[in-house]
Number of protein chains: 2
Amino acid sequence: METADLLERCYPGRRAELKRDIFRKALGLFNEQGIEATTIEMIRAECDTSVGAIYHHFGNKEGLVAALFFTALDDQARLRDSYLADAHTAQAGVHALVHSYVDWVDSQPEWARFQYHARFAVTKGPFKDELASRNKTRNKQLLEWLGAQGNELGCFPAELIPSLIVGQADSYCRAWLSGRVKGSPKAYRDMLAEAAWRSLCTTETQ
Amino acid sequence: METADLLERCYPGRRAELKRDIFRKALGLFNEQGIEATTIEMIRAECDTSVGAIYHHFGNKEGLVAALFFTALDDQARLRDSYLADAHTAQAGVHALVHSYVDWVDSQPEWARFQYHARFAVTKGPFKDELASRNKTRNKQLLEWLGAQGNELGCFPAELIPSLIVGQADSYCRAWLSGRVKGSPKAYRDMLAEAAWRSLCTTETQ
DNA sequence: GACGGTTGCAGAATAATATTCTTTAACAGA
DNA sequence: TCTGTTAAAGAATATTATTCTGCAACCGTC
């Protein structure tokens with residue numbers, strides 16, 4: 001359901017029907033079998049189409065992986081921005097970041113799982129520069145936003161702060177998506193947000 | 001240097017020379033080119049050996065990846081156990097966990113980088129059961145150890161605790177290994193350990 | 001509503017890569 | 001020395017990714 005919405009929004013229209021279907025089926029296969037273990041032939045068979053069509057839309061296997069990856073990244077960013085728009089203190093910002101992270105993973109587990117597993121491939125491949133620049137601007141915006149709230153996070157190195165905020169949530173989401181733990185991260189969203197905030201408060205009482 | 005020691009310890013003797021060399025060169029190639037982008041032929045050329053030798057030692061490409069992965073896992077566990085042996089309070093335990101994690105990544109960056117990237121492949125492949133059982137027993141031991149220190153972490157769900165302890169360090173180590181941040185995690189080891197401990201303390205003053 | 005150009009798709013042909021298999025040499029113990 | 005076991009080589013094969021050529025659907029324009 002959400003998957004359908006996500007794809008419909010990013011690649012709308014009747015003429016993109018096959019493209020969306022390739023996205024959907026490839027996502028499933030990559031997650032079930034692993035990225036290198038799924039062959040173009042498997043995707044072709046699943047979509048009942050031709051290899052030519054797949055290469056027409058995505059160039060090659062790596063391009064398909066990258067397209068899936070950036071689609072997920074964009075959707076995640078959309079939710080984060082919407083949460084941040086309502087936050088007006090540093091604490092509210094930290095909560096918004098953790099909550100948006102957790103909620104997105106909970107609502108799009110398939111995309112999240114893929115995102116984790118494909119990051120390395122994209123980091124090495126021809127889209128590494130795009131990924132790097134996106135990461136850089138995102139982190140910069142984040143730190144500027146936090147600074148603008150007039151808070152007191154100055155005692156931490158800037159490059160450490162993003163990890164302090166989302167590290168724990170990220171770790172738990174990974175564990176959940178790989179089946180090592182059972183409880184949905186959404187069930188712990190407040191605990192995770194408060195833990196992150198506590199870890200940042202060196203002096204004042206939470 | 002440390003790499004040589006690690007390999008010499010795990011696979012000692014003159015007759016394992018080629019095996020160690022394959023390990024070393026494959027590790028480098030996997031990290032530089034990515035796992036699927038490095039071919040058996042590249043590894044063969046780098047080691048100046050034959051494909052037969054590689055398949056003789058590791059079965060197939062997946063087996064080589066898994067062997068590298070578990071070697072890294074074992075080495076990491078060895079350091080963790082040595083740190084934990086000296087800790088006798090819950091707080092000291094949390095510090096030991098964060099410190100051992102950070103110090104290992106700092107001392108074996110190549111192995112750590114590979115470990116991050118190969119986890120998914122191993123999770124899907126024929127060694128998934130071994131990995132799963134290792135994870136399970138490790139977490140169980142950890143929680144039992146913490147419980148035995150007579151602490152007060154009962155307010156958190158058990159499955160959440162490991163992420164709360166090492167999540168932030170893990171996140172920063174990933175960022176460092178992929179070049180997104182510059183400062184070695186070792187420089188922040190105390191900050192990370194204290195942040196983790198703070199995040200766990202709901203009532204008492206740090 | 002024909003027409004030129006563009007995009008979407010098919011599938012055989014090809015290239016790159018992983019894996020197997022057979023053979024030979026080196027070694028370790030009796 | 002003999003014997004079984006392990007190490008290594010490399011040609012042969014199987015699998016998989018990618019290319020390329022041709023055809024059909026579509027889209028704006030006259």
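Quick note on labels: first sequence line is chain A, next is B, and so on, each numbered from 1. Quick caveat, the model's predicted, so the values are computed rather than measured.
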Does the pair His99(B) and Asp190(B) meet the rule for a side-chain hydrogen bond (donor to acceptor under 3.5 Å, both in side chains), with working shown? CA-CA 8 Å; His99(B) 283 161; Asp190(B) 291 325; 3.0 Å; yes
With nearest nucleotides of DNA chain D determined for Leu18(B) and Asn60(A) from heavy-atom distances, which residue corresponds to the more 5′ nucleotide?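 Between the two, 5'-proximity favours Leu18(B).
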Taking the inter-plane angle between the rings of His117(A) and Phe120(B) on a 0 to 90° scale, is it parallel (under 30°), tilted (30 to 60°) or perpendicular (over 60°)?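 Parallel, since the angle between the ring planes stays under 30°.
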Look at the aromatic rings of Phe114(B) and Phe30(B) and report parallel, tilted or perpendicular, splitting at 30° and 60°.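 Because their plane-to-plane angle is under 30°, the rings of Phe114(B) and Phe30(B) count as parallel.
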Between Arg174(B) and Asp170(B), is the closest basic N to carboxylate O distance under 4.0 Å?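 Yes, charged N to carboxylate O under 4.0 Å.
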Please find the earliest and latest nucleotides of DNA chain C, in the 5' to 3' direction, that have an atom within less than 4.0 Å of any heavy atom of chain A.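 That gives a stretch of dG8(C) to dA12(C).
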First-last contacting nucleotides on DNA chain D - partner chain A, under 4.0 angstrom, heavy atom: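 First and last nucleotides in contact are dT16(D) to dC27(D).
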I'd like to know if the side chain of [X] pairs up with that of [Y] as donor and acceptor (distance under 3.5 Å, no hydrogens or angles considered).
X	Y	value
Ser199(A)	Ser199(B)	no
Tyr11(B)	Thr71(B)	yes
Gln115(A)	Gln76(A)	yes

Check each of Arg20(B), Lys19(B), Arg24(B) against Glu8(B) using the salt bridge (Lys or Arg N to Asp or Glu O under 4.0 Å) test, and report the only one that passes.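 Considering Arg20(B), Lys19(B), Arg24(B), a salt bridge (Lys or Arg N to Asp or Glu O under 4.0 Å) with Glu8(B) is found only for Arg20(B).
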Assuming nearest nucleotide by heavy-atom distance, tell me which of Met42(B) and Gly52(A) is located more 5' along DNA chain C.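 Looking at the nearest nucleotide for each, Gly52(A) comes out on the 5' side.
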